Amino acid sequence: MTTHHLCSTCVELKESNGEAPPHAGLRPMLELGERQLFRCRYCGAFATSPGDGQRGWSLNIMGLPVQPD
């Protein structure tokens with residue numbers, strides 16, 4: 001998947017390289033140790049917060065990872 005399937009706030013999150021906090025449209029779904037899994041109310045994407053060793057937010061739609069355009 002490419003970022004054109006994401007809402008604008010999720011695109012900004014993806015491009016922030018882990019420096020941005022979760023936006024208001026993300027609701028927490030599951031805690032994964034030091035990371036969290038969120039679901040976007042706007043575009044339906046799942047987002048996993050960055051953790052140790054992670055470069056940034058990881059997003060997926062329908063089980064497919066979102067790659068940069």
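None of these values were measured; they are calculated from a predicted model.
- Across every non-hydrogen atom of Gly18 and Pro50, the tightest pair is CA-CG, 3.9 Å.
- Contact detail for Gln36 and Pro28: the closest heavy-atom pair is NE2-CB, 3.7 Å.
- Ile61 and Val11 fall within the same hydrophobic cluster, defined by Ile, Leu, Val, Met, Phe, Trp and Tyr side-chain heavy atoms under 4.5 Å apart, directly or through other members.
- Taken from CG in Leu6 to CD in Glu15, the straight-line distance is 9.5 Å, to the nearest 0.5 Å.
- Distance check, rounded to the nearest 0.5 Å: NZ of Lys14 to SG of Cys10 gives 10.5 Å.
- Residues Ser16 and Trp57 form a side-chain contact, since some pair of their non-hydrogen atoms from C-beta on lies under 4.5 Å apart.
- His23 approaches Cys40 most closely through the heavy-atom pair CE1-SG, 3.8 Å.
- Between the side chain of Arg35 and the backbone N or O of Ser49, at least one donor-acceptor pair lies under 3.5 Å.
- Across Leu59, Leu13, Leu26, a single residue satisfies side-chain contact (heavy atoms from CB on, under 4.5 Å) together with Phe38, and that is Leu26.
- Taking both residues in full, the closest heavy atoms of Val66 and Asn60 are given as CG2-CA, 4.0 Å, listed atom of the first, atom of the second, then distance.
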